[in-house]
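What you see is a predicted model; the values in this text were computed from it and never measured. Numbering of residues begins at 1 and proceeds along the displayed sequence.
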Amino acid sequence: MEMVPSEENQLVLKEGMFWSCRQSIFDEMKKRFSQVENAAEEPRVLCIVQDTTNAKTVNERLTLNLPASTTLSKLFEDVAHKAGYVNGTFDLAWRKTGDMGPLDPSSEMSLTESGFEPGKRNFLQLTDKDGEQPQIASDESGTAGSSGLDDRQERFIGPLPRDCTVGCSSDYSSPSYSYSSILNKSDTGYVGLVNQAMTCYLNSLLQTLFMTPEFRNALYNWEFEESEEDPVTSIPYQLQRLFLLLQTSKKRAIETTDVTRSFGWDSSEAWQQHDVQELCRVMFDALEQKWKQTEQADLINQLYQGKLKDYVRCLECGYESWRIDTYLDIPLVIRPFGASQAYGSVEEALQAFVQPETLDGANQYFCERCKKKCDARKGLRFLHFPYLLTLQLKRFDFDYTTMHRIKLNDRMSFPEELDMGPFMDVEDEKSPQTESCTDSGAENEGSCHSDQMSNDFSADDGVDEGICLDSASSTERVLKPKSSLTFELFSVMVHSGSAAGGHYYACIKSFSDGQWYSFNDQHVSKITQEDIRKTYGGSSGSRGYYSSAFASSTNAYMLIYRLKDPSRNAKYLDCDDFPEHIKHLVQREKESEEQEKRQREIERNTCKIKLFCMHPVKMMAMMENKLEVHKDKTLREATEMAYKLMELDGVVPLDCCRLVKYDEFHEYLERSYEGEDDTPMGLLLGGVKSSYMFDLLLETRRPEQVFQPYKPGEVMVKVHVVDLKTDTVAPPVSIRAYLNQSITEFKQLIAQATELSAETMRVVLERCYNDLRLLYVPNKTLKAEGFFRSNKVFVESSESPDHQVTFTDSLLWKLLDRHGNTIRLFVSLPVQSPGTNRTICQKVGGDPEECSEGSKGNRNSVETILEESTEKLKNLSLQQQQGSCTSDSQKSSDTSDFEHIESPSPSQELDSSVSAVVAVDNRELENRIRAAGGGTYSDPETQFPGEERSDSEVNNDRSTSSVDSDILSSSHSSDTLCNADSGPIQLANGLDSHSITSSRRSKANEGKKETWDTAEEDSGTDSEYDENGKSKAESYYLYFRAEPYAQEDGSGEGGQKCVLVHVDKRITLSAFKQNLEPFVGVTSTQFKVFRVYANNQEFESVRLNETLSSFSDDNKITIRLGRALKKGEYRVKVYQLLVNDAEPCKFLVDTVFAKGMTVKQSKEELMPQLKDQCKLDLNIDKFRLRKKTWKNPGTVFLDYHVYEEDINISSNWEVFLEVLDGPEKMKSMSQLAVLTRRWNPAQMKLEPFQEVVLESSSVEELKEKLSEISGVPLENLEFAKGRGTFPCDISVLEIHQDLDWNPKVSTLNVWPLYICDDGAVVFYRDSTEEPMEQSEDERNELMKRESSRLLKTGHRVSYSPRKEKALKIYLDGGPVKDPGQD
């Protein structure tokens, strides 16, 4: 471009060139804006990608907002560019539940065609490809750099938390524990181990053993003989396989399930966390057992076993008694018992380990030479150090105050090189008289020091592969050069957490390159010396001995050193140097891995989708299965697979089956696949996905039928035909329609399918539950009427005058309303009703002669029962009318509430009880008579009278007082027969209906006045009922139909009666019970209703005013005999208060209290019940009732208190019964009953509780009362309020200081006392009495007793430690179950 100088000596464009350049820029911008505008019009897909290839990026998200036309291959390029990876080295998969199906990186399908949804968030996961991590793109070449690092943000690698496992602590992921940048598996060269659940301790030990050259090489040299042992149960073989995979596998992490299976562990063991030191000992023991009579028989001892001398030397004569013990690790105390400071380093702890103690005073030693007790010196001397030295830092201790395990997080440093020379012989004061007295049996006597040593193996003095300085005497002892006792650190097993649980990982140095690595389950990363120093420990806050049981920190727990000896230090075996049997094993593992890789590839290309089929033979029910088909399989092949999967061979020909797209939720057939039999399933289903938004249905037809094509855009309609003549709703017929069809066209479609007349057809759409809509506008479309993918309609076509009636007043509406609200319940009846021979036939349609012989004489036809019942009801009605004319409280029977239960008066009980019959409409009656073959229930004349009591009722209510008699004899409503032809029956909505086949009407009968008024049930709907429990709204008559039912499992044949009940769920429990009376054989007040839940738990339904709206189809109900609660009655649990017993709360009985009842009346009711059931013969003046709030005693109830007036009462109420030593002292509500307890510091003892009754809330009065009962001078008396739940237990070691003694208040009802109700606990003491002086042993003993006592009572327990399971390795493949166990 030509430039010219300007006046300012600057180069500028010529004018013509300037405008030309400007125009080209505008054109380019216009083109860009056009592209942007077109892109803006195109839908966009929001992709959110989670990188799961390493620990840090799991929490990061990559967000891409791409046009919907973007191809999958372009998506992979964009993700690779944004993530910084080389394209083709990673996979993308849907992030949904179930298996993750990867996307095809070479596909040219658009995002929408691949299942992405525009306008919504589409979640993806970036995963490893073929088990290898993605390569990081470099700036220049786009390939992985040598360092494997990019300039993205630094990624955390330290002690990483385990993925989705339980029991790990979050402490090790704190920011203060960040290490250097993470390295990929290919860079570190090491493979991680998958944590099965809580097996981090196992992974840490396995990685340590793998990184020990001597152990790994020795394991490779061992050859497995398959003819001698099962490879599954061979521990050495499975370890050998695991080590080979750790060395040769390309995976990021491998499983340890084969190893744990060889231990004999099941899946539950993976959820047990154990101590890594304990595992090391147990596993070494198991390996020794497995390696017997092999070259490796003594491998563990050669590598890990050392020797020491446990000696006692007399300080008077110099005589020394000793024994030699072996050890596999050295346990080092972090903090000595009773000390406030911990040892600062491993060297200091080792010095303390060999430091001798002096036995003097009471602990003097009996010297065999002096023949008397003498002062002596007892200690340990190291005689032999193992090649691999294991140090256990004893961070787990026991707190005798809390009786809990605790973890000591004190700092303890350890050197990279440890010189053990100074610890070989710290006792140089041997006198010439010293004799070595060898105890030949000492080697097998256990550990050398019971408090410190871990010793599970005996020694063989003849074997000495390590550094041994053992000799006959000290003069012959040869000290090797100091350099020969130098050990180098190569493994640090770290524990992060507390004594209650935590997480293990290992920091291990590789002997090949001297680099330290962090092996944290599946994560392996490089670390530095600074990271090792961070494991020394040291926690913030208090460092007292009795720190919190849950104080958590990260610190070293086990250290492993290797002797620096060039002549013995081995190197790792290379693959070329493997023994032949190992090379064969490597080849087999490679083939297995390749097979696994091929299987994974097949899995990634397999479509897994739900498959449904309406089986024509098996129960005629929708069957469900899972179809797994390769994406390249054709629709024809998939249909054949589904045909076999649903077991249709021999039932339906294959050519009568086809697969169609199906929506299970809406029960909607979306489309069929005509002409696509050879299309691959991957294309039909939209690719391989982890889950699909649709399902498949295997549709069947009869040979003479033709499949109907299902086109996209159609809607499914289930058509129910309604017959007003028979009051029935037919099962559905499925048809398909279009949303743009008019109602007229839709009626024609229905007419073709149902053969009904379209001219007189009424179509009702049920849009949702109980929402009925009449479709009457001819030209309106289905879409405008609210049709969706799947719909339900009711159609009726007849010449009935019901067409002329408003829809909501029509018979059709009432029938559909009843149909929508009717549920089916299975009711189990008592085996034998008391005082009756009433039975029911178990099978509908059975011969009457099939009923039990015991009821043969009473068996009548349905007509006979109805005739007899009708005649009795007429007579009863006349009696009631006569009685109502003379009654003082006259009420019209026409206004009686159908749903209200009233019991008969004594003069009417017998007549009313025999009148409990279910009314049946004529058409239904004829059907039931034909179905039952004349068989029905036995004669109702022998019904159970109101006064008679069942055994179960007697158990529930043993009261015989006049008060209870009044309850039992309250009036009960009678029943009348309802004839459906006589007039319409009212529904709950006030409309008339002829659809009800069975209903009940109760006559209002005024029984005698009860002793107390009944309370409304606490149901939330009480305001809808008047004081008599009757509905304030219009009386409702709701649908009820019952029929005998034979249980399919035969459980009903042993005398258990079952009834299948169809009932309107708007009926109340009260009316429902009345309808059940003829089947139970007793009045509704004499049986209880229990709802049975899925887990077979039963709960009583007691709120009579509530409806059955919470019930659904096929719910189960159990009827049990016994007096049911009536309105105003409450079940009450009575507990005995025993203030001075170890268990102060003891359950006695269940009873019933009622509104208006006095406390004295309830006590009278209780007395016979307590005598019969609890053997408590009480005087009414010698016990009291009082409020119970959980375990705390509260307000004392006085005899004249009335429930619901003076005392609030509720369902499932609980009350304390307290036996008194003398007459009741509480006479007024103004008094205050306080429970007091004296504390005697001089005896370290708490005296029993004593009750003090105060006339006021004055502190002075309380002190005077306490002084009076204790004899403590008023000026010396101090008191404090108890804390917590009754009995406010507290340790006698803490009560003297912990409580707020002698508060400066004048009344009890102010802070800090707040004693406003009966039952408060007050401790008191004599201020001049000093606590008893105790020795340390006495205090420790008392501490143990108190801790045990408080734990038993459930007080002062800060946590419930997990019950630990013993760690065992089973050499025979698994635990042997006791044959005596069930």
Side-chain angles (χ1 to χ4, degrees), residues 204-205 208 212 275-277 280-281 304-308 327-337 339-356 379-397 407-426 447-449 451-455 466-467 482-496 504-509 516 527-539 543 553-564:
S204 301
L205 179 62
T208 297
T212 306
D275 185 279
V276 68
Q277 187 266 350
C280 185
R281 298 286 75 78
Y304 295 94
Q305 181 177 278
K307 294 181 183 178
L308 52 77
Y327 62 90
L328 293 179
D329 57 52
I330 302 174
L332 299 180
V333 174
I334 298 288
R335 188 192 305 163
F337 180 78
S340 59
Q341 292 296 323
Y343 297 127
S345 65
V346 163
E347 295 92 333
E348 189 178 342
L350 280 168
Q351 189 65 44
F353 184 83
V354 296
Q355 183 67 34
L380 301 170
R381 293 196 196 101
F382 287 112
L383 303 178
H384 168 98
F385 285 118
Y387 179 70
L388 297 173
L389 179 65
T390 304
L391 304 179
Q392 180 202 5
L393 309 185
K394 298 184 66 176
R395 293 196 174 273
F396 298 109
D397 209 333
K407 183 183 177 187
L408 304 176
N409 296 307
D410 301 85
R411 175 184 172 88
M412 176 173 277
S413 63
F414 45 86
E416 187 174 0
E417 289 192 357
L418 178 63
D419 183 7
M420 295 299 291
F423 307 109
M424 282 301 287
D425 186 11
V426 297
S447 65
C448 63
H449 195 292
D451 291 335
Q452 294 181 324
M453 288 307 301
S454 169
N455 178 27
I467 302 91
K482 185 176 180 179
S483 59
S484 66
L485 295 178
T486 302
F487 291 79
E488 62 176 325
L489 178 70
F490 77 95
S491 176
V492 180
M493 278 174 267
V494 182
H495 180 267
S496 176
Y504 285 99
Y505 65 95
C507 301
I508 306 174
K509 183 175 73 172
W516 281 90
I527 57 176
T528 65
Q529 278 292 336
E530 179 61 27
D531 302 321
I532 299 298
R533 284 191 286 272
K534 290 178 181 178
T535 65
Y536 288 168
S539 60
R543 292 184 58 186
S553 189
T554 301
N555 34 52
Y557 181 61
M558 277 187 70
L559 310 173
I560 300 184
Y561 288 81
R562 186 177 77 162
L563 178 69
K564 295 186 70 172

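- Of the possible polar contacts, one joining the His384 side chain to the Gln305 backbone as a donor-acceptor pair under 3.5 Å is found.
- At distances below 3.5 Å, at least one donor-acceptor pair connects side-chain atoms of Arg395 with backbone N or O atoms of Leu408.
- No donor-acceptor pair under 3.5 Å is formed between the side chain of Gln351 and the backbone N or O of Glu347.
- Listed here is the closest heavy atom pair of Glu416 and Trp516: OE2-NE1, 4.3 Å.
- Residues Tyr561 and Phe414 place their aromatic rings such that the two centres sit no closer than 6.0 Å.
- Within the 4.5 Å cutoff, no side-chain heavy atoms of Tyr343 are placed close to those of Leu393.
- When the side-chain hydrogen bond (donor to acceptor under 3.5 Å, both in side chains) test is applied to Thr208, the partners found at least two apart in sequence or on another chain are Ser491.
- For the residue pair Met412 and Ala349, the shortest heavy atom distance occurs at CE-CB, 3.8 Å.
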> Could you walk me through whether Ile560 and Met493 pass the side-chain contact (heavy atoms from CB on, under 4.5 Å) check?
Replying inline: CA-CA 9 Å; Ile560 300 184; Met493 278 174 267; 3.7 Å; yes
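- Note: Phe382 and Phe353 have parallel aromatic rings, judged against thresholds of 30 and 60 degrees for the angle between ring planes.
- Of the possible polar contacts, none joining the Lys394 side chain to the Arg335 backbone as a donor-acceptor pair under 3.5 Å is found.
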>> Checking Lys534 against Asn555 for the side chain to side chain donor-acceptor pair (under 3.5 Å) test, could you report, in this order, the C-alpha distance in whole Å, the side-chain angles of both residues, the deciding distance, and whether it holds?
In response: CA-CA 8 Å; Lys534 290 178 181 178; Asn555 34 52; over 6 Å; no
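- The two residues Phe385 and Tyr327 come nearest to each other via the heavy atoms CD2-OH, 3.4 Å.
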> Do Leu418 and Leu389 pass the side-chain contact (heavy atoms from CB on, under 4.5 Å) test, and can you show the C-alpha distance, the side-chain angles, and the key distance before you say yes or no?
Replying inline: CA-CA 10 Å; Leu418 178 63; Leu389 179 65; 4.3 Å; yes
